[in-house]
Amino acid sequence: MLPKRDTKIEYTTVDAFKVFDVPFSLTSGGPGTATRTLTFYIYTQGLRNFDLGYASAMAYFLLVITMVIGTLFFRRYRELYE
Amino acid sequence: MSKKRKGVVEVLVWIVVVIAILWVLFPFYWAVITSFKKPADVFRLSSIPWVQFQPTLNNWLTEFNQRGPEITRGILNSITIAVCASLLAVLLGSLAGYGLARHRYTKWRNQSMSFWFLSQRFLPPAATVIPFFLLMKSLKLLDTQLALILVNTTFVMPFAVLIMRDMFRELPVELEEAAWVDGCSRWQSFVRIALPLAAPALVATVIICFAFVWNEFLFALVLTYKKASPMTVVIAGTEHTQGVQFWYVSTRLLLAIIPPTILALTVQKYIVRGLTMGAVKG
């Protein structure tokens, strides 16, 4: 059970960074910027304001965050399965 | 004493189960009653029909009369995209999974390649949305179903690869060896022996990929405008100057639930476990 629980926790953590549809369709990031997720910010900067360079930089930032979480996960995964 | 404790544990388990079921089903109940509410009732806390509010069919009638074509197109687009993308992903995924399970690669280790596929699950789609947008723009594929099929296949294929790899690993290799002895080529043994035996995993993978693609929103929003918009974009498109029209959102999402439910119920019977149990003796 333990490896499965940890896998699920990791997936859910990473998935939480990808949240986009709910804030987009319900609140459009508002009130103010209270529900603006990073994914949503990348979308507005890149494909609404067409600041593609800045949005790409933010996208790389998001990638780094998920990679850090992913690396922690892979280290554990290797311990368990190899 | 221990019997009594067992009973207590059982009651606790049932309480947890009931709470979990309510937790899952309550949003559906809320969507159903919202679709029958008058706009004024939606923003009041009213949950019991005929007692706290008077249900009306107006929302459903307006949706069908005024926006019928739009919703039908959305559902058809969603079905086309989800079916094509999940079938393509499973086709490529089973080939790759078979390779990873049966062959031993020398340049890159099998394990490294599996890790690579697994790491794709961690890739945030937002990191690739701008490159994909520019790519599809230069390929003149914006607002086509093909663009969404390709993108969604990219994102669900790693999952299909991993599931199919595990499935083929569990299949006894002796079954295929028997086929080789009888003169099958590697390809024939894959198509005629391994693939039919892996059918339950294939079906399960198709369903899960279908669900992933069906719920995909970010790329659908970025890569389509009107013609190829799938249902998720149509649901989100109820936004009005007065805010989100929740009564239309709930009618549309209830319509969007129907196709995946039908699919899941029809293919459920193909998911059986232990088909190869006892196929190899000793």
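Naming convention: chains lettered A, B, ... in sequence-line order (proteins, then strands); numbering from 1 in each chain. Reckoned from all heavy atoms, side chains included, excluding hydrogens, waters and symmetry mates. Everything quoted here is computed from the prediction, not taken from an experiment.
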Is chain A contacted by the side chain of B:I235, its backbone, both, or neither, given a heavy-atom distance below 4.5 Å? neither
Between B:I130 and chain A, with a heavy-atom cut-off of 4.5 Å, which part of the residue counts as in contact: side chain, backbone, both or neither?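 For B:I130, side-chain heavy atoms alone lie under 4.5 Å from chain A.
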Region of [X] in contact with chain B, defined by heavy-atom distances below 4.5 Å:
X	answer
A:L52	both
A:F50	side chain
A:Y43	side chain

Option among B:L255, B:I257, B:T251 that satisfies the side-chain contact (heavy atoms from CB on, under 4.5 Å) test with B:L253: B:I257
State which residue, out of B:M164, B:R169, B:M113, fulfils the side-chain contact (heavy atoms from CB on, under 4.5 Å) condition with B:L100.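 In the set B:M164, B:R169, B:M113, the residue that makes a side-chain contact (heavy atoms from CB on, under 4.5 Å) with B:L100 is B:M113.
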side-chain hydrogen bond (donor to acceptor under 3.5 Å, both in side chains) involving B:N59 - partner list, sequence neighbours excluded: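 B:N59 satisfies side-chain hydrogen bond (donor to acceptor under 3.5 Å, both in side chains) with no residue once adjacent residues are dropped.
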Please determine whether the number of non-hydrogen atoms from other residues, nucleotides or ligands lying under 6.0 Å from atom OH of B:Y105 exceeds 12. yes
Decide if atom OH of A:Y60 counts as having more than 12 heavy atoms of other residues, nucleotides or ligands within a radius under 6.0 Å. no
Write out, in numerical order, the residues from residues 61-69 of chain A with a heavy atom short of 4.5 Å from a heavy atom in chain B. A:L62, A:L63, A:T66
What's the verdict on side chain to side chain donor-acceptor pair (under 3.5 Å) for B:W60 and B:S35, showing C-alpha distance, side-chain angles and the deciding distance? CA-CA 7 Å; B:W60 289 93; B:S35 73; 3.2 Å; yes
I'd like to check the side-chain contact (heavy atoms from CB on, under 4.5 Å) partners of B:I208; sequence neighbours left out, ordered by chain and number.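 side-chain contact (heavy atoms from CB on, under 4.5 Å) check on B:I208 returns B:F159, B:F212.
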With sequence neighbours left out, write down each residue that passes ring pair (Phe, Tyr, Trp, His ring centres under 6.0 Å) with B:F155, or none if nothing qualifies. B:F219
